[in-house]
Amino acid sequence: MEDIKEYLYVMDFSDASISEIEITKEDKDLETSNLLDKYGFNDDECFFMFTTQRITNINKINGK
């Protein structure tokens with residue numbers, strides 16, 4: 001049986017970036033704040049989302 005990959009997407013307000021992290025087996029044991037810290041993010045300066053679906057595009061929404 002194939003392992004399901006999990007991803008963490010981080011929108012970091014300190015540098016206006018969006019980052020993708022492929023979660024490792026070791027990462028799964030970490031609390032979210034420790035996981036963010038491991039990869040150099042400050043949890044007070046970002047929003048994040050976990051998903052098993054890799055995001056390959058970002059929808060651009062134009063005003064009406």
Chemist: How long is the span from the NZ atom in Lys38 to the CG atom in Leu8, to the nearest 0.5 Å?
Modeler: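 Reported value, rounded in 0.5 Å steps: 11.0 Å.
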Chemist: What's the spacing between Ser19 OG and Tyr9 OH if we round to 0.5 Å?
Modeler: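 Those atoms lie 11.0 Å apart.
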Chemist: Other residues, nucleotides and ligands only: do more than 12 of their heavy atoms fall within 6.0 Å of NZ on Lys5?
Modeler: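 Not buried by this count: 12 neighbours or fewer within 6.0 Å.
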Chemist: Under the ring-ring contact (aromatic ring centres under 6.0 Å, His included) rule, what pairs show up with a residue in residues 14-45, not counting sequence neighbours?
Modeler: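 Pairs touching residues 14-45 that pass the test: none.
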Chemist: Could I get the full list of side-chain hydrogen bond (donor to acceptor under 3.5 Å, both in side chains) partners for Glu6, not counting sequence neighbours?
Modeler: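 Per chain and number, Glu6 pairs via side-chain hydrogen bond (donor to acceptor under 3.5 Å, both in side chains) with no residue.
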Chemist: When you group the ILVMFWY residues by side-chain heavy-atom contacts below 4.5 Å and let the links chain together, are Leu30 and Leu36 in the same group?
Modeler: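 Leu36 and Leu30: one cluster.
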Chemist: Which heavy-atom pair separates Ser17 from Asp15 by the least distance, and what is that distance?
Modeler: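 Smallest heavy-atom distance, with atoms named: OG-OD1, 2.6 Å.
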Chemist: Salt bridge or not for Arg54 and Glu22, using N-O below 4.0 Å?
Modeler: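 Salt bridge: no.
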Chemist: Can you give me the closest heavy-atom contact between Glu45 and Ser14, atom names plus distance?
Modeler: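 So the minimum-distance heavy-atom pair works out to OE1-CB, 3.3 Å.
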Chemist: Linking I/L/V/M/F/W/Y whenever any side-chain heavy atoms sit under 4.5 Å apart, do Phe48 and Leu35 land together?
Modeler: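 They do share one cluster, since a chain of ILVMFWY contacts under 4.5 Å joins Phe48 to Leu35.
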Chemist: Say you draw a straight line from OG1 of Thr32 to CG of Asp37; how long is it, rounded to the nearest 0.5 Å?
Modeler: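 That separation rounds to 12.5 Å.
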Chemist: Taking a hydrophobic cluster as the set of Ile, Leu, Val, Met, Phe, Trp and Tyr residues connected by side-chain heavy atoms closer than 4.5 Å, whether directly or through intermediates, do Phe50 and Ile58 fall within one such cluster?
Modeler: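 In one cluster with Phe50: Ile58, no.
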Chemist: If Ile, Leu, Val, Met, Phe, Trp and Tyr residues are connected whenever their side-chain heavy atoms lie under 4.5 Å apart, and connections chain through other members, are Tyr7 and Met49 in the same group?
Modeler: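 Tyr7 clusters together with Met49.
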Chemist: Hey, quick one: are Phe47 and Ile55 part of the same hydrophobic cluster, counting side-chain heavy atoms closer than 4.5 Å, chains of contacts allowed?
Modeler: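 No, because Phe47 and Ile55 fall into different hydrophobic clusters, even though each may have its own neighbours under 4.5 Å.
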